[in-house]
There are 2 protein chains.
Amino acid sequence: MEPKINIVNVVVSTKIGDDIDLEHVADVLDNAEYEPEQFPGLVCRLNDPRVALLIFRSGKLNCTGAKSKEEAEIAIKKVIKQLKEAGFDIEEDPEIKVQNMVATAELGTEPNLDRISTLEGTEYEPEQFPGLVYRMEDPKVVVLIFGSGKIVITGLKREEDAYRALENVLNMLKELKEIKG
Amino acid sequence: MEPKINIVNVVVSTKIGDDIDLEHVADVLDNAEYEPEQFPGLVCRLNDPRVALLIFRSGKLNCTGAKSKEEAEIAIKKVIKQLKEAGFDIEEDPEIKVQNMVATAELGTEPNLDRISTLEGTEYEPEQFPGLVYRMEDPKVVVLIFGSGKIVITGLKREEDAYRALENVLNMLKELKEIKG
DNA sequence: AAAATTTTTATTATATATAAAAAATATTTT
DNA sequence: AAAATATTTTTTATATATAATAAAAATTTT
């Protein structure tokens with residue numbers, strides 16, 4: 001039985017133009033919110049795919065909330081189409097880079113967080129936050145481990161690293177004799 | 001369609017004896033916790049029915065967490081049986097009084113809490129607590145109204161008052177034109 | 001004399017912590 | 001004054017606590 005990894009959030013960035021008039025964009029994009037004194041980026045929310053896009057005056061763009069890089073690309077294409085139709089000078093097929101992914105997984109056992117917290121690279125303050133924070137070196141990600149056995153892996157650039165990170169956590173539990181080898 | 005009321009908690013009180021040695025009770029009752037410097041009552045938790053009983057030196061007893069008066073009675077009978085078997089001088093069939101009931105219900109609409117908060121008898125401080133507090137005069141209960149349309153009625157002595165309280169809230173919404181009359 | 005202690009229960013917003021990009025502003029350190 | 005961080009926003013899973021409500025009991029503290 002293969003360990004199951006669920007990608008729950010993908011953050012990507014790209015560049016769709018130069019010196020974009022965000023006030024103008026706010027008028028032509030229907031789900032746009034632009035409050036420059038609060039944040040320099042314009043926020044645009046799509047329902048399908050369900051994501052949030054941040055567009056900056058520089059032409060740089062972030063997309064958050066997608067379940068895959070492909071989903072983020074579809075969302076970005078949608079916004080590009082709308083902006084081109086409104087007459088903006090926009091890059092049609094920009095290079096999209098994954099900046100972060102968040103994954104969830106299950107350990108299949110209920111770990112003793114107090115025992116794990118004796119290891120290096122871990123932080124565990126249950127009255128501040130119920131999850132143990134494990135900063136892994138290779139792959140360079142952060143894993144949140146919960147008493148339920150559920151874990152959250154974040155800081156991912158590639159999906160395959162989620163499997164390596166989960167393997168590392170399982171091996172760590174074996175060494176702590178939390179799981180039979 | 002009849003409005004649906006769910007009784008989620010019933011608190012009852014009774015008196016099962018006089019001058020009870022709680023230290024002794026703590027020894028013979030298996031799920032008992034007795035920490036007199038923390039609280040003068042002995043706490044006993046049952047799994048079936050799932051309730052908590054507080055027993056006091058005076059012989060007075062509270063039962064919380066039951067879903068009905070009958071469930072509370074069954075729980076109390078169970079504890080009485082155990083205490084009698086341990087040799088305590090205990091009342092076998094004491095009078096049980098409902099002191100409080102908590103009910104939940106649904107309004108069937110998502111109310112505007114800000115508008116309701118203009119009415120007398122209401123308190124609404126969303127950053128302190130998300131529910132609006134409505135102190136009703138007749139029946140004398142407190143209703144918590146949430147933005148989801150779910151409500152909590154507490155301070156109930158009789159189940160029928162829950163229906164009257166719900167009716168009152170629905171009428172109030174009609175007058176505020178939150179619901180079509 | 002009044003308030004806190006404990007127990008139960010539904011309700012739900014918010015805070016807590018994690019990573020990452022973007023750019024503008026606000027502190028902080030040099 | 002200049003350079004260097006920190007905060008702002010967005011998303012997402014995870015899971016705790018806390019906020020307020022009523023009621024009884026008896027003890028301690030205010």
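Numbered from 1 within each chain, the chains take letters A, B, ... in sequence-line order.
In this structure, CD1 of A:Ile145 is placed 13 Å from C1' of C:dT18, rounded to the nearest angstrom. For the pair B:Ile55 CD1 and D:dA25 P, the computed distance is 15 Å after rounding to whole Å. Counting to the nearest Å, the P atom of D:dT12 and the CZ atom of A:Arg50 are 8 Å from each other. To the nearest angstrom, C1' of D:dT10 lies 16 Å from CD of A:Glu71.
Residue A:Ser13 is tested with A:Lys97, A:Glu95, A:Gln99 for a side chain to side chain donor-acceptor pair (under 3.5 Å); the sole match is A:Gln99.
For B:Ser13, no side-chain nitrogen or oxygen approaches OP1 or OP2 of D:dA25 to under 4.0 Å. Contact annotation: A:Arg135 reaches the phosphate of C:dT18 (side-chain N/O to OP1 or OP2, under 4.0 Å).
In this structure, B:Phe129 forms an aromatic stack with the base of D:dA20, since both conditions hold: centre separation below 5.5 Å and plane angle below 30°.
No N or O donor and acceptor, one from the side chain of A:Thr104 and one from the base of D:dA13, sit under 3.5 Å apart.
Take the nearest nucleotide of DNA chain C for A:Gly155 and for B:Val11: the residue whose nucleotide is more 5' is B:Val11. If B:Val102 and B:Gly149 are placed on DNA chain C by their nearest nucleotide, the residue sitting closer to the 5' end is B:Val102. Residue order along DNA chain D, read from the 5' end via each residue's closest nucleotide, puts A:Leu54 first among A:Leu54 and B:Phe146.
No hydrogens or angles considered: nothing links the side chains of A:Asn62 and A:Lys60 as a donor-acceptor pair under 3.5 Å.
The 12-atom threshold is not exceeded at CG of A:Asp89, counting heavy atoms of other residues, nucleotides or ligands nearer than 6.0 Å.
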